[in-house]
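Here is the naming used below: chain letters follow the sequence lines, and residue numbers restart at 1 for every chain. Side-chain atoms are counted along with the backbone in the values below, which use heavy atoms only and exclude waters and symmetry mates.
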Amino acid sequence: MHKLPTLQQLFQNHVLRPHSGHVIEGAVVSDAKATAQTRLDIYANAYRMRLGEALEQDFTALHTLLGDEQFEALCLSYIDTHPSRHYSLRHLGRHMSTFLREHDFYARQPVLAELAAFEWMMVEAFDAADSDVVTLHDLARLPAEQWGQLRFSAHPSVQRLELFWNVPALWNTADQQHDMPQPQRDANALTWLVWRRELKTWYRSLGAEEAWAWHAACAGHDFGEICSGLCRWVDEERVPATAAGMLQRWINDGLVSAIRYPA
Amino acid sequence: MSATSRLRPSLGYGLGLRTAHYQALLDERPKLDWLEVLSENYMVEGGKPLYFLDRIRAHYPLVMHGVSLSIGSSDPLNQDYLRQLKQLAARIEPRWISDHLCWTGVQHKNMHDLFPLPYTEEALRHVVARIRAVQDFLGQRILIENVSSYLTYTASDMSEWEFLRAVSEQADCLLLVDINNIYVSACNHNFDPLTYLDALPAGRVQQLHLAGHSMNGAMIIDTHDAPVIDPVWELYAEALRRFGQVSTLIERDDNIPELPELMDELAHARAIAESVHAASSAATRRLA
Ligand SMILES: [Fe+2]
């Protein structure tokens, strides 16, 4: 007779790989109602269905783009490679984008990994930590002579990604009735932010100069340094207005949770 | 002090908190006695789940119900999980915390299912020690719920009800008796559900679950996607005859209807409880 750890290991192996011939049937009672095999299969089938449903919820657009059959095949091969190691199913899909990017077959359609990355950011933004946001009113009260030394903290839900493909357009139509547009690749990647404001998830793209400025702000550069950096894109006399405009927009979007300056 | 006197008084008739009902609960404040929340859904950093939970908590008593404690697993207890559980409990101050008599995975994998245990002395010792450790960590007794199961192990040398009774007595924990799960397992394993109810220590039964299920060939699958069926209502009445007035909750996880439909089901539970209670009071009066 198996000790508990061995029995559980065998049972789990069967659920993970029902057809790999692990010896578990003998440990399970067969009776007139159902054989051990039938009884074990209930658990093995339910496992795939349950994890598949979790992935389907998080990757709606990926599902639409691939279609039912291909998406199901993807789920099976994904959970085979990345079984859940977390107490919550919420985290199941965290390797999906990497999986698609590194997989021999799926890597041939690079839009898939980008779409999965975008959808996963939506998941992350949904229940990321809460935080206050800075308002324009707060900004107006800052001493003017300190502006050069202002540093910024992003809201905990803000995430940034670079996309070559028209992923947000694909995502946008996924749960609607209209047809999904064709995946299209641009020569240059565009930077996107995904974040939550109050209870809603938002996303938008950034031009090259704003993308650079946001990155610099998140890396801890102060407003003065950001202004100097913007000279690469903007005439010097227009830099302060451009930078101030960006800052206002970040604040209006709810992207900034704190502004610090030396006391 | 008897175990009975340590039970919490009944909270009445409650529902599982589901996202589909968040807004209606806040806007309409339906007359529900209490709500049960799935602990893992709120072990997140922020956003919508905690936003609604904090607000709903202001109007309804809550209890926490988990699915990932994995009390029967041969893996060590997940300390991170326990810390999160305790942290959530500190935030929402539930009336109590429950999880299942099962295991959910080994080797640090989670299958996200409630797998049955073999009912052996070895498993009993293991589960008892772990419930005690969890109760020490949380600083309170927990409720352990019987699961639906689709298989039994050849290794088992006692019945599920003997095992559950021994677990509760040796670990000094409380019980969440799922009436539908007893019905489902009784059908799948061909035992008499009343034998099961008779074996449970009434003084430890602090909560009951009711739910619907679906058929899969000869087997019944516990899907929580349909109304409670008549035989389960009858078994509920039998449970009340044995356990007295117990906090009762209807679980619905799929095909979730609007609140009024679920409230009708709760009203039915209340009516059954009232008639059982009236009959038992009459019997007591006749004896006096
Ligand atoms: Fe239950």
Please classify the contact of [X] with chain B as side chain, backbone, both or neither, using a heavy-atom distance under 4.5 Å.
{"X": "A:Leu7", "result": "side chain"}
{"X": "A:Val28", "result": "both"}
{"X": "A:Ile42", "result": "side chain"}
{"X": "A:Arg85", "result": "both"}
{"X": "A:Leu92", "result": "neither"}

What do you reckon, is [atom1] of [X] surrounded by more than 12 foreign heavy atoms closer than 6.0 Å?
{"X": "A:His215", "atom1": "NE2", "answer": "no"}
{"X": "A:Glu198", "atom1": "CD", "answer": "no"}
{"X": "B:Gln135", "atom1": "CD", "answer": "yes"}

Most contacts with chain A, counted as non-hydrogen pairs under 4.5 angstrom, among B:His126, B:Gln107, B:His112: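 Top count of heavy-atom pairs under 4.5 Å with chain A: B:His112.
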
task: Using a cut-off of under 4.5 Å on heavy-atom pairs, state which of B:Thr104, B:Asn188, B:Asn190 scores highest against chain A.
output: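 Top option by heavy-atom pairs under 4.5 Å: B:Asn188.
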
message: Do B:Ser68 and A:His86 make a side-chain contact, defined as non-hydrogen atoms from C-beta onward lying under 4.5 Å apart?
response: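 With C-beta onward as the side chain, the pair stays apart.
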
field: Side chains of B:Trp103 and A:Leu4 in contact at under 4.5 Å (non-hydrogen atoms)
entry: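 A side-chain contact under 4.5 Å is absent here.
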
Heavy-atom pair with the smallest gap, counting every atom of [X] and [Y]:
{"X": "A:Tyr87", "Y": "B:Asn110", "result": "CA-ND2, 3.5 Å"}
{"X": "B:Glu122", "Y": "A:Pro5", "result": "OE2-CD, 3.9 Å"}
{"X": "A:Leu51", "Y": "B:Met111", "result": "CD1-O, 4.2 Å"}
{"X": "B:Val106", "Y": "A:Gln12", "result": "N-OE1, 2.6 Å"}

task: Kindly assign one of parallel, tilted or perpendicular to the pair B:Tyr150 and A:Tyr43, based on the angle between their ring planes and the thresholds 30° and 60°.
output: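 B:Tyr150 and A:Tyr43: tilted rings.
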
message: Taking every non-hydrogen pair under 4.5 Å, which of A:Ala32, A:Pro83, A:Ala27, A:Ser88 racks up the most with chain B?
response: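 If we count pairs closer than 4.5 Å to chain B, A:Ala27 comes out on top.
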
message: Out of A:Asp31, A:Thr201, A:Leu16, return the one with the most heavy atom pairs under 4.5 angstrom to chain B.
response: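 Highest number of heavy-atom pairs under 4.5 Å: A:Leu16.
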
Relative to chain A, which segment of [X] carries a heavy atom at a distance below 4.5 Å: side chain, backbone, both, or neither?
{"X": "B:Leu69", "value": "neither"}
{"X": "B:Tyr51", "value": "side chain"}
{"X": "B:Leu50", "value": "neither"}

Spatial distance of atom [atom1] ([X]) from atom [atom2] ([Y]) [nearest 0.5 Å]:
{"X": "A:Met49", "Y": "B:Asp113", "atom1": "CE", "atom2": "CG", "answer": "11.5 Å"}
{"X": "B:Ser149", "Y": "A:Arg39", "atom1": "OG", "atom2": "CZ", "answer": "8.5 Å"}
{"X": "A:Phe11", "Y": "B:Tyr153", "atom1": "CZ", "atom2": "OH", "answer": "4.5 Å"}

- request: Could you please state which residues from residues 122-132 of chain A sit under 4.5 angstrom from chain B, measuring non-hydrogen atom to non-hydrogen atom, sorted by number, or 'none'?
  value: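 Residues in range: A:Phe126, A:Asp127, A:Ala128, A:Ala129, A:Asp130.
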
- prompt: What residue pairs, at least two apart or across chains, pass side chain to side chain donor-acceptor pair (under 3.5 Å) with a residue in residues 55-64 of chain A?
  reply: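 Found A:His63-A:Asp68.
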
task: Applying salt bridge (Lys or Arg N to Asp or Glu O under 4.0 Å), name anything that partners B:Asp225, two or more places apart in sequence or on another chain.
output: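 None.
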
- request: Tell me the residues of residues 35-49 of chain B whose non-hydrogen atoms fall below 4.5 Å from those of chain A, in number order.
  value: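 Within residues 35-49 of chain B, the residues under 4.5 Å from chain A are B:Glu40, B:Met43, B:Val44, B:Glu45, B:Gly46, B:Gly47, B:Lys48, B:Pro49.
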
